[in-house]
Number of protein chains: 2
Amino acid sequence: MSLQSVQEPRSESPLSRERIVATAVELLDAQGLDGLTMRRLADRLGSGVMSLYWHVDNKEDVFDLALDSVLEYRGPPQIVASQDWRGEVVHMLEDWRASMLRHPWSASLLPRRALGPNILSRLELLSKTLSRAGVADADLNVAIWSLWNYVMGATITRANFDLSDDGGAATQQRLARLSERYPRIERSRLLLDNDWDGAFRKGLGFLLDGLAPRQ
Amino acid sequence: MSLQSVQEPRSESPLSRERIVATAVELLDAQGLDGLTMRRLADRLGSGVMSLYWHVDNKEDVFDLALDSVLEYRGPPQIVASQDWRGEVVHMLEDWRASMLRHPWSASLLPRRALGPNILSRLELLSKTLSRAGVADADLNVAIWSLWNYVMGATITRANFDLSDDGGAATQQRLARLSERYPRIERSRLLLDNDWDGAFRKGLGFLLDGLAPRQ
DNA sequence: ACCTGAACACCGTTCAAGT
DNA sequence: ACCTGAACACCGTTCAAGT
C-alpha cells in the first residue's frame with residue numbers, strides 16, 4: 001500500500017496462489033507441458049522451491065489451477081441478443097478452441113483433469129443453447145459430448161502438429177516416401193492442407209447439420 | 001533354435017527392437033504414460049539401461065514404436081464384401097477406438113507424435129471408403145479430419161475419465177456441490193451417464209448424417 | 001556388433017527447522 | 001502464518017570402456 005512496498009514490485013511481492021498460477025501459465029506458454037517444473041516456477045517467482053507448497057498441494061494442483069484460469073468464457077458479443085442459436089453455438093465453440101490455442105498446452109491437459117468451474121460453465125451454457133436450438137432432451141448429452149469430442153480432438157491435434165512442425169519441411173520429406181503407399185492421402189494433400197480454421201468451421205457445420213438439422 | 005536356447009527364454013533372449021517395443025507396451029498398459037521409464041524398461045528386459053540405446057534412439061523413439069505397434073488394422077469382417085459403405089466406416093472407427101482403449105495411454109499419445117505407417121493405412125482406407133460412400137472430393141479432407149477429431153476426442157476423454165474415477169464416488173460428491181451452479185448438467189446427468197459405447201456410436205451417426213446424408 | 005557402469009544434470013516431495 | 005535447505009528416491013542421456 002505504501003509507496004515503499006510498491007517501489008520494488010519485482011521480487012518483493014509476496015507469494016500467493018494467484019501469482020503462482022499466473023506465473024505457471026507464463027512458464028507453460030513459454031516452455032510447454034514438460035517445461036513446467038516446480039524448481040523453474042520457484043525461480044521465476046524469486047522464491048525457494050518449497051515455499052510453493054504452502055500455497056499449493058502439489059504439481060497436479062498447479063496444473064489444475066493453470067488450466068481452469070485459461071478457460072474463462074466472457075460470453076457472446078453483446079451487440080444484440082440474437083435469435084441465431086446455431087451461430088451462438090459456433091461462436092462459443094470457436095472461442096473455446098481459440099482460448100486453448102492461445103495456450104497450446106491446455107487442450108492436451110483438459111481431458112486428463114477433473115473439470116474446473118470455468119469449463120463446467122461453458123458446458124452449462126452449451127446445454128442451454130443446444131436446447132433452444134431444437135436438440136431433443138433425449139439427444140442432449142450425446143450432442144454435448146459429440147461437440148466436446150470434436151472440439152477437443154481438433155484443438156489437441158492442431159496444437160501439437162504446429163509445434164512438431166519445422167515449417168513443413170520434415171513433413172514434405174516424409175510425404176515423398178509415402179506417396180506410393182498412401183496415394184489418396186498424397187493426392188488430397190491431407191497432411192499438408194493447413195487451413196485449420198476453415199476445416200474446423202466447416203466440419204463443425206457438418207456435425208451441427210447432423211445434430212440439429214436446419215428447418 | 002536349439003533346445004538349449006529355447007530352454008531359458010526368460011532373461012537369456014537377446015535384446016532386440018521387437019522385444020523392447022513389446023515390453024514397452026506391457027509396461028505402458030500396466031503403469032500408464034508416466035510409468036514408462038528407461039530404467040524400468042531395462043529392468044523388465046533383464047538388461048542394463050544403456051543397452052536399450054543401442055537398439056533405440058531415445059525415449060521418444062520408444063513411444064513412437066509402441067504407439068504404432070498398437071494401431072494395426074486387420075480389415076473389415078470378411079463375411080461378405082458388402083456395399084454398406086457407411087457400416088464399413090462405422091466398423092473402422094469403432095475398431096480404431098477399441099484398439100486405443102485396449103491401451104489407454106495410446107490415444108493421448110497419438111496426436112503428439114508423427115503419424116506412423118499403421119495409422120496412415122487407416123486414414124488411407126478411410127479416405128477410400130468415404131469416397132465410395134458419396135463424400136465429394138472437395139469435402140474429403142474436412143470429412144476425414146472431422147472423424148479424426150471425433151474419434152480422438154472421444155477416446156482420449158474416455159480413456160482418461162475411467163482412470164481418474166474411483167468408482168464415481170468422487171464425481172458424485174463434486175456433483176452434489178455443483179447442482180445449484182450447473183443445474184442443466186446436473187439434471188441431464190451429463191457427467192454420470194456412463195454408456196460411453198452407446199454415446200460414441202450415436203454421436204458418430206449424427207456426424208455421418210451431416211457428412212454424407214443418407215439418400 | 002552389442003552391452004555396460006559411472007557420472008551429470010536434472011526431477012517432485014518429505015521433513016525438520018527457521019521467522 | 002509463511003518460508004527455507006538438506007536430503008531422498010528418482011529421471012534421461014553422454015561418455016568412455018568393455019567383449
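To find a chain, count down the sequence lines: A is the first, B the second, and so on, and within it residues start at 1.
Residues passing the side chain to side chain contact (heavy atoms under 4.5 Å, CB included) test with Ser47(B) are Leu15(B), Ala42(B), Leu45(B), Ser51(B), Leu52(B), sequence neighbours excluded. Under the salt bridge (charged side-chain N to carboxylate O under 4.0 Å, His left out) criterion, Asp195(A) pairs with no residue at all, not counting sequence neighbours. The salt bridge (charged side-chain N to carboxylate O under 4.0 Å, His left out) check on Asp95(B) picks up Arg122(B), with sequence neighbours excluded. Under the rule for a side chain to side chain contact (heavy atoms under 4.5 Å, CB included), the partners of Ser121(A) that lie at least two apart in sequence or sit in another chain are Tyr182(B). Listed by chain and number, the residues in a ring-ring contact (aromatic ring centres under 6.0 Å, His included) with Trp145(B) are Trp148(B) (sequence neighbours excluded). In this structure, the side chain to side chain contact (heavy atoms under 4.5 Å, CB included) partners of Arg201(B), at least two apart in sequence or on a different chain, are Glu94(B). Looking at residues two or more places apart in sequence or on another chain, you find a side chain to side chain contact (heavy atoms under 4.5 Å, CB included) between Glu186(B) and Leu175(B), Ser179(B).
To the nearest 0.5 angstrom, Arg97(A) atom CZ is 6.5 Å from Arg158(A) atom CZ.
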Throw together a table of side-chain donor-acceptor distances under 3.5 angstrom for residues 20-30 of chain B, partners on residues two or more places apart or in other chains.
from, atom 1, to, atom 2, distance (Å)
Thr23(B), OG1, Arg19(B), O, 2.7
Glu26(B), OE1, Arg44(B), NH1, 3.2
Asp29(B), OD1, His103(B), ND1, 2.8
Asp29(B), OD1, Trp105(B), NE1, 2.7
Asp29(B), OD2, His103(B), ND1, 3.0

Distance-only criterion, 3.5 Å: show the donor-acceptor pairs between side-chain atoms of residues 63-73 of chain A and protein atoms not counting sequence neighbours.
from, atom 1, to, atom 2, distance (Å)
Asp64(A), OD1, Arg113(A), NE, 2.5
Asp64(A), OD1, Arg113(A), NH2, 3.3
Asp64(A), OD2, Arg113(A), NH2, 3.1
Asp68(A), OD1, Asn118(A), N, 3.1
Asp68(A), OD2, Asn118(A), N, 3.4
Asp68(A), OD2, Asn118(A), ND2, 3.3
Ser69(A), OG, Ala66(A), O, 2.9
Tyr73(A), OH, His91(A), ND1, 3.1

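Ser131(A) and Arg184(B) share a side-chain donor-acceptor pair at under 3.5 Å.
Within a heavy-atom distance below 4.0 Å of DNA chain D, no residue of residues 22-33 of chain B is found.
Rounded to whole Å, atom P of dC2(C) lies 14 Å from atom CZ of Arg19(B). Leu52(A) has its CG atom 12 Å from the P atom of dG5(D), to the nearest Å. We find that CZ of Arg17(A) is positioned 16 Å from P of dA1(D), with the value rounded to whole Å.
Nucleotides dC11(D) and dA7(C), compared at atom C1', are 14 Å apart to the nearest Å.
Between dT4(C) and Ser51(B), a contact under 4.0 Å exists linking OP1 or OP2 to a side-chain N or O. Within the structure, a side-chain polar atom (N or O) of His55(A) is placed less than 4.0 Å from OP1 or OP2 of dC3(D).
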Where protein sits on nucleotides 7-19 of chain C, one letter per nucleotide: B base, S sugar-phosphate only, - none, heavy atoms under 4.0 Å: ----BBBBB----
So what is the 5' to 3' dot-bracket string for DNA chain D, if pairs are Watson-Crick or G-U wobble with both distances under 3.5 Å, crossing pairs use [ ] and | means the partner sits on another strand? ||.|||||...|||||.||
